[in-house]
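Only heavy atoms go into these numbers, but all of them, side chains included; no hydrogens, no water, no symmetry mates. This one's a predicted model, so the numbers in the text were calculated from it and none came from an experiment.
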Amino acid sequence: MLTIEQIHDIVMDRGLRVMEETYTERPEVWRSFVPPEAIITPDENTVSDFPFGHREAGTVGIGTMREIREGQRTHVETTVQGQTRRIALRKYGFGIELGRELQKVKNFETVLIGKVINMARSGAQAATRLRNDIIGGLIQKGTLSAGSTTYFDNSYDGNPDPNRGFIYDGKPWFAASGNAHTFVDHTATGSQGVNLLLPGGLSTDTLQAAWVAMTTPNAIDARGKKITGPTVTPRRLLTGASMMQNAKAVTQSVGLPGSANNDPNAYNGLLEPVIWNELTDDSNAWWLLAEDPGIRVFDSGVPMLSTWNDPATGTVFIGCDVYFGAAVVDWRGAISNDKAVS
């Protein structure tokens, strides 16, 4: 029989090699619109309450620069406690067991290698599905006026989420008119705080409306002051497979789509179309995403393999697990269109 140490060495040697090969073969679409700096490896230095979750209290600080004349004192502004962002870090995984009788068979090492290779391949693919499901769920269920506790619950280890079902301000990620996002030190006016637009199909006209919403009424901070930067700079047009033709036509046509006079298309080359086949909730839905769409992700990366044994029974266990968590930390970075609220 192989010792637990020998089994461990085979798992680490064969399993990790296959895991890394399979992992890199399966691209995840969400990585094309979540910036690398927003995808963080979780550890004691990056997660406030590692390994359970992260809390980050926002501060609403500096307002407006003011003229300081000769002899005048510098104007001192007060800071206001901002809304706290929470991200639950969860451990996901599965395992297999090797009973004592199985370990006694003559070709056990060959059987073990086959099981480890299969487990590694399955683990890499399962991790990809998991991450896609979570990020896709945030995008598709983020319009629900009643919220979604499946995707928007960042409670962890004695720290309940006070906004369970919603994002940090107690609203759906994509807030419709009449249920707009709130500001800590500013009362919204007009269409401020609205990032779920009415149905109207994808066209250059509706794209322009979304562009204006992101860059004008919603390009303000928690005190109502104008802001610029990656969270209010349109960069990508995200759709499901059923909208591929429309998305490419609107973002890549030289002439204005449907124009009888061959007018120029102002959006040609301005936005990158991103087609994600897994976005299937609403066939006509589409999203305008900023350079930073406001999603923060904690991802441990390649799934980890481990071994342990039960001395009482002689059974050996092989585990495969990842740490992953994702949440919205700034609603300004995305506009949803043609998406149901219920």
Side-chain angles (χ1 to χ4, degrees), residues 1-32 34-54 87-137 154 156-157 278 296-327:
M1 288 176 57
L2 297 177
T3 65
I4 180 63
E5 291 78 13
Q6 290 172 320
I7 293 175
H8 176 81
D9 289 343
I10 291 173
V11 170
M12 294 300 109
D13 178 45
R14 294 298 189 95
L16 290 179
R17 191 188 320 163
V18 173
M19 181 78 74
E20 291 176 354
E21 291 173 354
T22 308
Y23 179 83
T24 56
E25 289 173 356
R26 298 184 62 82
E28 297 167 12
V29 175
W30 62 270
R31 294 184 187 274
S32 68
V34 176
E37 59 271 20
I39 306 173
I40 303 166
T41 301
D43 58 34
E44 294 86 349
N45 298 315
T46 59
V47 179
S48 63
D49 301 319
F50 184 80
F52 306 108
H54 182 73
I87 307 174
L89 179 62
R90 296 189 171 96
K91 184 178 181 179
Y92 301 90
F94 69 96
I96 62 173
E97 62 179 39
L98 309 171
R100 192 173 188 84
E101 295 305 313
L102 176 62
Q103 298 174 50
K104 293 179 180 178
V105 301
K106 289 184 179 180
N107 63 336
F108 173 64
E109 183 172 348
T110 301
V111 172
L112 173 63
I113 291 173
K115 285 181 175 293
V116 167
I117 290 175
N118 182 64
M119 182 178 187
R121 286 175 178 161
S122 298
Q125 294 168 5
T128 291
R129 285 196 303 271
L130 170 73
R131 290 186 285 259
N132 282 338
D133 287 347
I134 292 174
I135 301 297
N154 286 289
Y156 62 89
D157 188 40
E278 296 186 28
R296 181 81 57 78
V297 175
F298 286 111
D299 177 26
S300 61
V302 180
M304 298 167 283
L305 295 175
S306 58
T307 60
W308 67 99
N309 70 312
D310 180 352
T313 64
T315 300
V316 175
F317 300 90
I318 304 175
C320 174
D321 54 69
V322 296
Y323 284 92
F324 191 79

What distance do I4 atom CD1 and D310 atom CG have between them, rounded to the nearest 0.5 Å? 11.0 Å
Name all residues meeting the side chain to side chain contact (heavy atoms under 4.5 Å, CB included) criterion together with F52; count only those two or more places apart in sequence or in a different chain, and write none if there are none. Y156, D157
Could you name each residue pair satisfying ring-ring contact (aromatic ring centres under 6.0 Å, His included) that touches residues 298-324, not counting sequence neighbours? H54-F298, W308-F317
Tell me, please, which residues at least two apart from I39 pass side chain to side chain contact (heavy atoms under 4.5 Å, CB included). W30, R31, V34, V297, D299
Anything under 3.5 Å between a donor and an acceptor, one on a side chain of residues 105-118, the other on a protein residue two or more places apart or in another chain? List them.
none

Is the shortest heavy-atom distance from the side chain of K91 to the side chain of P51 under 4.5 Å? no
With sequence neighbours excluded, what pairs up with T3 under the side chain to side chain contact (heavy atoms under 4.5 Å, CB included) test? E5, Q6
Of all heavy-atom pairs linking T307 and H8, the shortest is OG1-ND1, 2.8 Å
Nearest heavy-atom approach of G53 to V47 is O-CG1, 3.0 Å
Nearest heavy-atom contact between N154 and A327 is ND2-CB, 3.8 Å
For T315 and G99, the nearest pair of non-hydrogen atoms, with its separation, is OG1-CA, 4.2 Å
Partners passing side-chain hydrogen bond (donor to acceptor under 3.5 Å, both in side chains) against S300 (at least two apart in sequence or in another chain): none
Those residues at least two apart in sequence (or on a different chain) that pass salt bridge (charged side-chain N to carboxylate O under 4.0 Å, His left out) with D43 are none
Residue pairs fulfilling salt bridge (charged side-chain N to carboxylate O under 4.0 Å, His left out) with at least one residue in residues 92-103, sequence neighbours excluded: E101-K104
Starting at CG of L102, measure out to CE of M1 and round the result to the nearest 0.5 Å. 9.5 Å
When you look at L2 and V316, which way does the side-chain contact (heavy atoms from CB on, under 4.5 Å) test go after all the steps? CA-CA 11 Å; L2 297 177; V316 175; over 6 Å; no
Got a second to check how far D133's CG is from T128's OG1, nearest 0.5 Å? 10.5 Å
Which pair of non-hydrogen atoms, one from C320 and one from P303, has the smallest distance, and what is that distance? SG-CB, 3.8 Å
Check whether E278 reaches the backbone of V29 with its side chain - one donor and one acceptor, N or O, closer than 3.5 Å. no
Between Q103 and L98, is there a donor-acceptor pair closer than 3.5 Å when you use the side chain of the first and the backbone of the second? yes
Of all residues at least two apart in sequence or in a different chain, which pass the side-chain hydrogen bond (donor to acceptor under 3.5 Å, both in side chains) check with T41? none
Could you pull out all residues at least two apart from E44 that satisfy salt bridge (charged side-chain N to carboxylate O under 4.0 Å, His left out)? none
Can you list everything that forms a side-chain hydrogen bond (donor to acceptor under 3.5 Å, both in side chains) with D13? Sequence neighbours excluded, please. R17
If you compare all heavy atoms of I134 against all heavy atoms of A326, which two are closest, and at what distance to 0.1 Å? CG2-CB, 4.3 Å
For the atom pair OG (S122) and CE (M19), what is the distance rounded to the nearest 0.5 Å? 9.0 Å
Test of understanding: with side chain to side chain contact (heavy atoms under 4.5 Å, CB included), list the residues that count as partners of D9, not counting sequence neighbours. none
